[in-house]
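All remarks here apply to the structure that follows.
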Amino acid sequence: MAPKSLLYSLFSSLTVALAASLPQTDYEVMVIGGGPAGLSALSGLSRVQRKTVLFDSGEYRNAPTRNMHDVIGNDGTVPSEFRGLAREQISKYTTASFVDKKITSVTPVTDHSTNTSYFNATDADGAVYSARKLILGTGLVDVLPSTPGLQEAWGKGVYWCPWCDGYEHRDQPFGILGALPDVVGSVLEVYTLNTDIIAFLNGTHTPAAEAALAEKYPNWKQQLETYNVRLENASIASFERIQNGADHTDDKGHQFDIFRVHFTNGSSVDRNAFITNYPSVQRSQIPTSLGLAMKDGKIDTSINPGMRTSLPGVFAIGDCNSDGSTNVPHAMFSGKRAAVFLHVELAKEESAASIEKRTLPSKREMLKAAERSMGNELEEVWKRARGL
């Protein structure tokens with residue numbers, strides 16, 4: 001190789017390195033979570049031909065529920081059927097990929113040579129994937145008491161969202177499960193649906209609980225009396241299903257579940273359905289491992305617009321984020337919103353990289369500058385290579 005050819009080769013490589021302000025990754029975007037939020041994000045990114053992979057662990061908060069409701073065009077759809085149809089429709093986009101694996105860890109990576117950053121995600125089998133951006137649609141888990149029979153009833157007559165499941169149990173004997181301070185809030189949500197209401201407090205009716213409730217609703221006693229709400233403080237021993245609403249319906253859309261609540265004192269009472277006030281937690285440990293800012297147990301997306309988190313390049317959508325709504329329409333909205341903001345963010349980065357590349361010195365100019373600065377050093381290398 002002649003001296004100038006060698007110089008050209010060296011500085012051609014240098015030119016590429018200087019211009020490569022975008023990391024080389026498997027995908028442009030990784031979406032973790034296969035529920036409505038993640039599917040919506042994947043759809044939005046696929047529509048603008050962003051190479052995106054969605055990881056689906058097969059864990060869904062609404063998996064136990066019989067049907068989705070208040071989802072325009074899909075009212076009454078079984079959640080698994082909704083996800084299946086969504087995946088079928090999204091699969092027509094050539095930039096969309098599905099990996100049915102649980103992601104166990106995500107690691108931010110900084111490439112100092114190009115001053116770029118990206119993310120590595122590792123699945124349960126140890127396989128590693130990379131992308132420039134990350135969307136977390138990892139969801140929440142509802143923390144239910146270990147009371148026998150409650151877990152089996154979850155989503156099938158026992159629910160937490162009246163918009164999702166309340167209408168099917170309207171005008172039926174009803175129960176509220178949870179601590180006293182949450183009772184009035186639940187009554188205000190369901191009193192247009194149910195008028196025969198018992199609040200099952202499970203031993204939480206204490207003077208301290210009354211004081212906590214009074215801080216939120218000073219006239220709480222009068223409110224409960226107005227709606228004829230009965231307070232039951234006996235400790236619950238178990239829930240027994242007497243009738244399955246999936247098998248007992250009418251032509252008006254009712255589902256007639258029947259449960260018998262057994263108390264530790266030996267008594268019992270029957271109810272058709274319940275709304276709950278139990279806490280929820282992040283399903284995934286990834287938000288914590290990434291050090292994302294949290295807000296009331298949710299990933300804080302109030303810091304930056306467009307579902308962005310406190311960590312650049314990471315977006316949070318659906319139930320796991322802090323924007324205060326947990327339902328399927330919200331999940332789809334948040335996924336689409338993240339997709340739009342993320343696409344534009346990627347486009348800006350690509351535009352900046354393109355401009356940077358175009359404003360670099362030409363190869364000819366770099367070659368001349370190198371010859372001037374390096375003198376005959378490479379000529380001596382060439383002579384040694386030729387054995388002179």
Could you tell me whether a side-chain N or O of Gln282 sits under 3.5 Å from a main-chain N or O of Gly297, the two making a donor and an acceptor?
yes
Test side-chain contact (heavy atoms from CB on, under 4.5 Å) on Asn277 and Leu177 and set out the steps.
CA-CA 6 Å; Asn277 289 298; Leu177 300 176; over 6 Å; no
Search all heavy atoms of Ala209 against all heavy atoms of Pro181 and return the closest pair with its distance.
O-CG, 3.8 Å
Asp125 bridged to Lys101 by N-O distance under 4.0 Å
yes
Could Asp56 and Arg87 be called an ion pair, given the rule that one side-chain N must be under 4.0 Å from one carboxylate O?
yes
Please say whether the positively charged group of Arg132, taken as NZ for Lys or CZ for Arg, lies over the ring of Phe119, i.e. under 6.0 angstrom from the six-membered ring centre and within 45 degrees of the axis.
no
Considering only NZ, NE, NH1 and NH2 on the basic side and carboxylate oxygens on the acidic side, decide whether Asp196 and Arg271 come within less than 4.0 Å.
yes
Closest contact, heavy atoms only, Arg230 versus Glu232
NH2-OE1, 3.1 Å
Does any donor atom in the side chain of Ser325 or Asn327 lie under 3.5 Å from an acceptor atom in the other side chain?
yes
Give me the atom names and distance for the closest heavy-atom approach of Glu59 to Arg283.
CB-NH1, 3.5 Å
Centroid-to-centroid, Phe274 to Phe239, below 6.0 Å?
yes
Hey, do the aromatic rings of Phe55 and Tyr129 have their centres closer than 6.0 Å?
yes
Parallel, tilted or perpendicular, as decided by the 30° and 60° cut-offs, for the rings of His254 and Phe256:
parallel
May I ask you to say whether Glu28 pairs ionically with Arg50, meaning some side-chain N is under 4.0 Å from a carboxylate O?
yes
Test side-chain contact (heavy atoms from CB on, under 4.5 Å) on Leu342 and Ile135 and set out the steps.
CA-CA 9 Å; Leu342 196 155; Ile135 297 179; 3.6 Å; yes
Can Ile198 be reached from Val158 by stepping across I, L, V, M, F, W or Y side chains whose heavy atoms are under 4.5 Å apart?
yes
Path from Val187 to Tyr217 over hydrophobic side-chain contacts below 4.5 Å
yes
Any donor-acceptor pair under 3.5 Å linking the side chain of Ser43 with the backbone of Ser40?
no
Is Lys102 paired with Asp123 through a side-chain N to carboxylate O contact shorter than 4.0 Å?
no
OG1 (Thr301) and CG (Asn321) are apart, to the nearest 0.5 Å, by 4.0 Å
Given the rule in the salt bridge (Lys or Arg N to Asp or Glu O under 4.0 Å) test, do Asp257 and Arg66 qualify, once you have shown the distances and angles that lead to the verdict?
CA-CA 12 Å; Asp257 295 276; Arg66 292 171 180 143; 2.6 Å; yes
Is any NZ, NE, NH1 or NH2 atom of the basic residue among Lys156 and Asp165 found under 4.0 Å from an Asp or Glu carboxylate oxygen of the other?
no
One thing to verify: whether Glu345 and Lys133 come together as a salt bridge, which I'm taking to mean a side-chain N less than 4.0 angstrom from a carboxylate O.
yes
